[in-house]
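Just so you know, these numbers use all the heavy atoms, side chains as well, and skip hydrogens, waters and symmetry mates.
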Amino acid sequence: SPTTRIFVGKLAFTLTPLEVQQYFEAFGTVTDCYMPKDYYTGQSRGIAFVTFDAPSAVDQIMQSTHVIGGREVAVDRAAPRREGPPGAPPTAAYGAAAYGSYGYPSPYGSYGYDATYASPGPVRPQFAVAGYAPY
């Protein structure tokens, strides 16, 4: 199905969502402009997701290169959001938070991970090492 959302990368860190939205409004009606921030610093990550009311705006945008704030930016069609496991909140869509919950098995064990390493205490070697017996 045609997408109404684009991904914009290589944005200057000083740009605001309003400036990005104003640039892309020349191509169609912008319904949302989201610029994620770094979790620790709170500063822009230099990317944005812009949503339009019609797929024709996205088609028009993909026809040329774009310069915002004096910098050429990378623009691509955004992939639709992946749905998470049944009953999971949208934020846990196949992320690390989904492991061990929502019906998914823990990733430990199937990769030879010994529960000994998950708990505090002395770590025993898996193989015979000078002075230590294997378990």
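For the side-chain contact (heavy atoms from CB on, under 4.5 Å) criterion with D53, the lone passing option out of V30, T29, D32 is T29.
A heavy-atom distance below 4.5 Å is not found between the side chains of F49 and V8. The closest side-chain heavy-atom distance from F27 to H66 is below 4.5 Å. Put simply, the side chain of M62 reaches to within 4.5 Å of the side chain of V75, judged on heavy atoms. When side chains are defined from C-beta on, R77 counts as touching D59, because their heavy atoms get closer than 4.5 Å.
The shortest non-hydrogen separation linking I47 to L11 is C-CD1, 3.8 Å. Listed here is the closest heavy atom pair of A48 and V20: CB-CG1, 4.4 Å. Counting all heavy atoms, side chain and backbone alike, C33 lies closest to P17 at SG-O, 3.5 Å. Summarising the geometry of M35 relative to S44, their closest heavy-atom pair is CE-OG, 3.9 Å, with the distance given to 0.1 Å. Closest approach of T3 and A78 over heavy atoms only: OG1-O, 3.6 Å. Of all non-hydrogen atoms in T14 and E19, the two that sit nearest each other are O-OE1, 4.0 Å.
For the atom pair CD of E25 and CZ of F52, the computed distance is 9.0 Å after rounding to the nearest 0.5 Å. Rounding to the nearest 0.5 angstrom, the gap separating the CD1 atom in I68 from the CG atom in L15 is 7.0 Å.
T31 contributes a side-chain N or O that, together with a main-chain N or O of T51, makes up a donor-acceptor pair within less than 3.5 Å.
Residues meeting the salt bridge (charged side-chain N to carboxylate O under 4.0 Å, His left out) test with D76, sequence neighbours left out: none.
In the hydrophobic clustering of this structure, I6 does not group with Y34; members are Ile, Leu, Val, Met, Phe, Trp, Tyr whose side-chain heavy atoms approach within less than 4.5 Å, directly or through other members.
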